[in-house]
Trainee: 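After the structure tokens below, expect a handful of questions from me.
Index from 1, following the sequence.
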Amino acid sequence: MNGVEFIVYGTPAPQGSKKPMGLRRTKSGKQVSILVESSKLVKPWREAVMLAWYELRNTGRVQGIMGPVNVEIVFYLHKVKNPKHPLWPVSRRDGDIDKLRRATYDALTKAGAIEDDCFVVLESGGKVYAGSLPYGLQQPGATIKIRRAG
């Protein structure tokens, strides 16, 4: 198998920003900060990515790709009422594309679609509003293509 393509429906969420939720003591007595994701949407997005992969894998026609991979992800985001740009989600609310990828790569790794995100050697894709392209998704989500590198 050289590659796989699939669709994830859900609200893409950026991963990366953490907020402190206090301190706790370790067993050795050292105080450490408790950090949680600042976006409550990260966990549901990761779960949606994993579920889409599990459903595809359970057909028996695909399996995870180990080793170096090329990944293309196009994110389709909710369109806001008065966007700064009619096609491109460029507000801070939409999230940085690298943080959207980070959440998605972590889910792909956890689900076994890829060995680890350190094995992504070439990435491409983008982010647009859902329903803004005639050939794209009409609701929020992502299209994901994973190919063996080389």
Side-chain angles (χ1 to χ4, degrees), residues 1-21 32-150:
M1 177 186 73
N2 284 335
V4 63
E5 298 179 22
F6 62 104
I7 295 173
V8 180
Y9 292 106
T11 302
Q15 174 183 320
S17 300
K18 307 253 191 237
K19 62 182 177 182
M21 293 299 293
V32 293
S33 295
I34 300 170
L35 300 174
V36 296
E37 285 295 330
S38 60
S39 172
K40 293 177 183 175
L41 299 175
V42 173
K43 185 177 179 187
W45 173 246
R46 282 196 213 126
E47 289 171 350
V49 172
M50 291 188 295
L51 179 62
W53 173 256
Y54 293 148
E55 288 175 352
L56 182 63
R57 187 197 61 199
N58 289 343
T59 66
R61 293 179 286 164
V62 300
Q63 57 186 330
I65 300 176
M66 301 299 108
V69 293
N70 301 336
V71 179
E72 177 185 299
I73 306 172
V74 178
F75 296 99
Y76 295 86
L77 305 175
H78 287 284
K79 191 167 190 172
V80 295
K81 210 171 201 179
N82 295 309
K84 290 181 181 181
H85 191 280
L87 181 61
W88 310 112
V90 293
S91 73
R92 294 190 193 285
R93 184 195 71 79
D94 297 316
D96 297 347
I97 196 161
D98 60 320
K99 291 182 179 181
L100 290 166
R101 284 186 182 130
R102 189 180 308 160
T104 306
Y105 288 159
D106 284 355
L108 292 172
T109 299
K110 188 172 182 180
I114 60 175
E115 192 169 346
D116 189 73
D117 56 357
C118 72
F119 284 92
V120 176
V121 296
L122 181 66
E123 61 183 5
S124 61
K127 60 180 182 172
V128 297
Y129 288 121
S132 63
L133 300 174
Y135 53 85
L137 298 184
Q138 300 303 301
Q139 65 189 67
T143 56
I144 300 174
K145 297 177 185 178
I146 306 170
R147 303 269 183 268
R148 191 176 313 283

Trainee: If every non-hydrogen atom of Met66 is compared with every non-hydrogen atom of Arg148, which pair is closest and at what distance?
Mentor: O-NH1, 3.4 Å
Trainee: Nearest 0.5 Å, please: how far is CG in Leu51 from OH in Tyr9?
Mentor: 13.0 Å
Trainee: Is there side-chain contact between Pro14 and Leu100, with at least one heavy-atom pair below 4.5 Å?
Mentor: yes
Trainee: Look only at the side chain of Glu55 and the backbone of Met50, and say whether a donor-acceptor pair between them is shorter than 3.5 Å.
Mentor: no
Trainee: Calculate, to the nearest 0.5 Å, the distance between atoms NZ and CD1 belonging to Lys145 and Ile7 respectively.
Mentor: 10.0 Å
Trainee: Are side-chain heavy atoms of Val8 and Trp45 found at a separation under 4.5 Å?
Mentor: yes
Trainee: So, does Glu72 use its side chain to make a donor-acceptor pair with the main chain of Ser124 at under 3.5 Å?
Mentor: no
Trainee: Is there side-chain contact between Leu77 and Val128, with heavy atoms separated by less than 4.5 Å?
Mentor: no
Trainee: CD1 of Ile73 to CD1 of Ile144: how many Å apart, nearest 0.5 Å?
Mentor: 5.0 Å
Trainee: With side chains defined as the heavy atoms from C-beta onward, is the minimum distance between Phe6 and Val62 less than 4.5 Å?
Mentor: no
Trainee: Go through the structure and list residues passing side-chain hydrogen bond (donor to acceptor under 3.5 Å, both in side chains) with Thr11, not counting sequence neighbours.
Mentor: His78
Trainee: Keeping the roles fixed (side chain from Gln138, backbone from Gly136), state whether a donor-acceptor pair exists under 3.5 Å.
Mentor: yes
Trainee: Are the side chains of Glu123 and Arg101 in contact, using a 4.5 Å heavy-atom criterion?
Mentor: yes
Trainee: Locate the shortest heavy-atom distance separating Tyr129 from Lys79; write the atom from each residue and the value.
Mentor: CD2-CA, 3.3 Å
Trainee: What's the shortest heavy-atom distance between Ala130 and Pro140, and which atoms?
Mentor: CB-N, 3.7 Å
Trainee: Would Leu108 and Asp117 count as a side chain to side chain contact (heavy atoms under 4.5 Å, CB included) here? Give the steps.
Mentor: CA-CA 8 Å; Leu108 292 172; Asp117 56 357; over 6 Å; no
Trainee: Can you see which heavy atom on Val121 is nearest to which on Ala149, and at what distance?
Mentor: CG2-CB, 3.6 Å
Trainee: Under the rule for side-chain hydrogen bond (donor to acceptor under 3.5 Å, both in side chains), what residues qualify as partners of Asp106, not counting sequence neighbours?
Mentor: Gln15
Trainee: Any side-chain heavy-atom pair from Phe75 and Thr104 closer than 4.5 angstrom?
Mentor: yes
Trainee: Got a donor-acceptor contact below 3.5 angstrom from the Asp96 side chain to the Asp98 backbone?
Mentor: no
Trainee: Show the nearest heavy-atom pair for residues Leu41 and Pro44, with the distance to one decimal.
Mentor: O-CD, 3.3 Å
Trainee: Do Ile65 and Phe119 have side-chain heavy atoms sitting under 4.5 Å apart?
Mentor: no
